[in-house]
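Ligands are counted one by one from 1 in listed order, and the atoms in each one are counted from 1 as well. Since the structure is predicted, the reported quantities are computational estimates derived from the model, not experimental observations.
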Amino acid sequence: EVGWSRRAAEEAEAVAAVSCSGHGRAFLDGLVVDGSPVCECNTCFGGPDCSQFSASCVADVDSGDPLFLEPFWMQHAASSAVLVAGWHRMSYSFNDHSSISQELVKLIRKLHAIVGNANTTGRFIVFGAGSTQLLNAAVHALSPHNSSAPAKVVATIPFYPVYKSQTDFFRSVDFQFAGDTSLWKNSTSDPTSNFIEFVTAPNNPDGKLNKAVLQGPNVKPIYDHAYYWPHFTPIPAPADEDLMIFTISKLTGHAGSRFGWALIKDKDVYETMLDYMSLNTLGVSRDTQLRAFKLLKVVTQGRGREIFKFGYKTMKDRWEKLNKALLMSRRFSVQENSPQYCTFFGKVKRPSPAYAWLKCEKEEDKECYGVLKKAGIIGRNGTLFGANSSYVRLSLIKTQDDFDILLHQINKLVSEEDG
Ligand SMILES: C=C(NCc1c(COP(=O)(O)O)cnc(C)c1O)C(=O)O
């Protein structure tokens with residue numbers, strides 16, 4: 001039947017046409033009132049078309065919700081939309097009896113070759129519902145399953161809180177979270193101990209290109225490269241580790257699609273992670289794989305230049321404004337990440353990390369989270385990352401509205417320092 005997709009296209013166009021004053025958007029599966037889709041507004045904006053700015057506005061920069069790339073996708077509406085037929089991939093498996101799209105695997109290898117941020121040669125690839133699902137799949141696969149003692153899962157403070165909370169959640173006999181790497185520097189030679197070290201490069205929250213801290217035959221690192229993209233960091237060389245995890249959440253900004261992947265050198269580790277995915281969810285949604293395929297085709301067009309120029313320009317601009325606002329402050333400081341040669345842009349670049357790792361410098365402000373909250377800034381308490389309370393993480397990857405409101409509150413706070 002010709003033109004069966006017309007109605008779906010018309011519905012999508014109608015929702016896209018709903019004006020939310022540039023401070024929100026309506027969705028196909030959003031609330032409908034009196035027959036029209038309702039705008040979902042950015043923080044501090046309200047009313048039917050998000051045009052009302054609430055004066056008692058608080059900057060919400062707690063979550064790493066990567067909406068800074070939403071304008072890019074609105075500018076690429078035609079090339080990034082995908083229409084899903086009602087009969088699209090209903091089966092549990094692809095023709096090769098797996099839950100993994102080989103076309104998407106090929107595209108991911110092409111993506112890493114273009115960006116130059118990972119060596120995929122000789123690597124197996126497993127998909128996950130976000131990298132979140134792959135983090136524990138990797139811990140499970142790297143843990144010995146017949147050992148008398150559980151493997152010790154470690155990370156270097158400050159570290160992404162989920163490494164601890166997720167590992168604790170499973171209460172496994174095979175692995176246990178064991179805190180900061182510095183506690184175990186002199187124990188890695190003990191042949192009865194096994195260590196699994198989460199290495200985050202660039203790091204959440206401070207943006208550092210971390211390396212493994214523990215060394216030895218009983219130490220298995222999991223490299224979390226969620227942020228190893230030109231938006232946030234120079235790419236000095238392709239990551240070339242035994243186990244590397246990536247996600248589209250911080251590459252395209254589609255955290256809601258829940259799609260991540262692992263590059264794995266060891267065949268046994270690969271097969272154990274495949275088993276985990278099969279037992280946990282029978283693989284990643286086929287609808288999500290279609291979406292990721294479409295999005296990554298846009299990313300790889302023109303050798304990635306468009307999205308990474310957009311992403312880097314946005315982040316660089318936000319960092320320049322933040323650094324300018326804090327230049328004269330004696331009360332607050334943020335991390336300095338050193339410039340490096342970027343093989344993707346072919347020049348020396350200053351990092352533009354996803355998060356500001358803000359420090360309250362004064363003793364009287366050591367409960368920094370509360371100091372910022374009082375000033376109308378909701379960050380994420382540094383204690384959640386294992387650091388002391390004088391640190392707060394500020395998310396710089398949310399909408400332009402979120403960043404502008406944060407900047408406004410910071411300028412106000414710094415101007416009060418002199419008064
Ligand atoms: C959203 C946030 N973190 C996502 C994240 C994740 C999870 O991303 P996924 O959306 O599950 O792919 C994995 N690894 C690191 C280092 C991360 O920072 C946050 O820290 O607010």
Side-chain angles (χ1 to χ4, degrees), residues 43 60-69 108 117-118 125-139 153-167 169 196-210 212 221-229 231-233 239 241 243-263 273 276-277 280-281 284-285 288-289 291-292 295-296 315 351 353-358 369 378-387 391-399 402-403 406:
T43 318
D60 176 359
V61 285
D62 167 52
S63 93
D65 219 9
L67 290 170
F68 76 106
L69 286 163
I108 286 170
N117 65 341
I125 295 183
V126 174
F127 293 165
S131 51
T132 298
Q133 188 178 35
L134 292 168
L135 297 177
N136 190 253
V139 168
V153 180
V154 295
T156 305
I157 286 174
F159 57 77
Y160 177 47
V162 167
Y163 297 152
K164 172 173 170 30
S165 55
Q166 188 187 63
T167 305
F169 169 78
I196 296 169
E197 180 182 350
F198 275 113
V199 184
T200 317
N203 194 31
N204 168 5
D206 60 16
K208 281 202 190 102
L209 280 175
N210 285 338
I222 298 172
Y223 273 81
D224 184 340
H225 288 310
Y227 302 92
Y228 197 43
W229 301 101
H231 311 316
F232 307 115
T233 174
E241 307 295 341
L243 209 172
M244 303 178 275
I245 296 179
F246 291 88
T247 171
I248 61 166
S249 297
K250 313 295 181 189
L251 159 60
T252 68
H254 292 78
S257 297
R258 311 311 301 127
F259 185 78
W261 64 93
L263 302 176
M273 286 179 74
Y276 181 106
M277 286 306 302
N280 195 244
T281 53
V284 170
S285 151
T288 294
Q289 293 189 43
R291 186 89 194 275
L295 294 168
L296 293 185
M315 293 310 297
Y355 308 106
W357 187 229
L358 179 136
Y369 176 81
I378 305 291
R380 190 167 286 180
N381 199 321
T383 54
L384 294 173
F385 299 85
Y391 285 93
V392 173
R393 187 192 83 168
L394 305 178
S395 173
L396 303 179
I397 51 176
K398 292 183 71 177
T399 68
D402 290 310
F403 177 75
L406 167 69

ring-ring contact (aromatic ring centres under 6.0 Å, His included) filter on Phe127, not counting sequence neighbours, yields Phe259

Atom pairs, nitrogen or oxygen, ligand 1 to protein, under 3.5 angstrom:
unit_1: ligand 1; atom_1: 8 (O); unit_2: Ser131; atom_2: OG; d: 3.3
unit_1: ligand 1; atom_1: 10 (O); unit_2: Ser249; atom_2: OG; d: 2.6
unit_1: ligand 1; atom_1: 10 (O); unit_2: Arg258; atom_2: NH1; d: 2.8
unit_1: ligand 1; atom_1: 11 (O); unit_2: Ser131; atom_2: N; d: 3.4
unit_1: ligand 1; atom_1: 11 (O); unit_2: Thr132; atom_2: N; d: 3.1
unit_1: ligand 1; atom_1: 11 (O); unit_2: Thr132; atom_2: OG1; d: 2.5
unit_1: ligand 1; atom_1: 11 (O); unit_2: Arg258; atom_2: NH2; d: 2.7
unit_1: ligand 1; atom_1: 12 (O); unit_2: Ser131; atom_2: N; d: 2.7
unit_1: ligand 1; atom_1: 12 (O); unit_2: Ser131; atom_2: OG; d: 2.8
unit_1: ligand 1; atom_1: 12 (O); unit_2: Thr247; atom_2: OG1; d: 2.6
unit_1: ligand 1; atom_1: 14 (N); unit_2: Asp224; atom_2: OD2; d: 2.7
unit_1: ligand 1; atom_1: 18 (O); unit_2: Asn204; atom_2: ND2; d: 2.8
unit_1: ligand 1; atom_1: 18 (O); unit_2: Tyr227; atom_2: OH; d: 2.6
unit_1: ligand 1; atom_1: 20 (O); unit_2: Asn204; atom_2: ND2; d: 2.9
unit_1: ligand 1; atom_1: 20 (O); unit_2: Arg393; atom_2: NH1; d: 2.7
unit_1: ligand 1; atom_1: 21 (O); unit_2: Gly64; atom_2: N; d: 3.0
unit_1: ligand 1; atom_1: 21 (O); unit_2: Arg380; atom_2: NH1; d: 3.3
unit_1: ligand 1; atom_1: 21 (O); unit_2: Arg393; atom_2: NH2; d: 2.9

From the list Tyr369, Tyr355, Trp357, Phe385, ring pair (Phe, Tyr, Trp, His ring centres under 6.0 Å) partner of Tyr391 resolves to Trp357

Pair up each side-chain donor or acceptor in residues 62-69 with any protein partner under 3.5 Å, not counting sequence neighbours, and list the distances.
unit_1: Asp62; atom_1: OD1; unit_2: Arg380; atom_2: NE; d: 2.8
unit_1: Asp62; atom_1: OD2; unit_2: Arg380; atom_2: NH2; d: 3.4
unit_1: Ser63; atom_1: OG; unit_2: Asp65; atom_2: N; d: 3.1

### Task
Let me see the working for Tyr163 and Ile222 under side-chain contact (heavy atoms from CB on, under 4.5 Å), right down to the final yes or no.
CA-CA 11 Å; Tyr163 297 152; Ile222 298 172; over 6 Å; no

Salt bridge (Lys or Arg N to Asp or Glu O under 4.0 Å) filter on Lys250, not counting sequence neighbours, yields none

One should read off an interatomic distance between Tyr223 OH and Leu263 CG, to the nearest 0.5 angstrom, of 14.0 Å

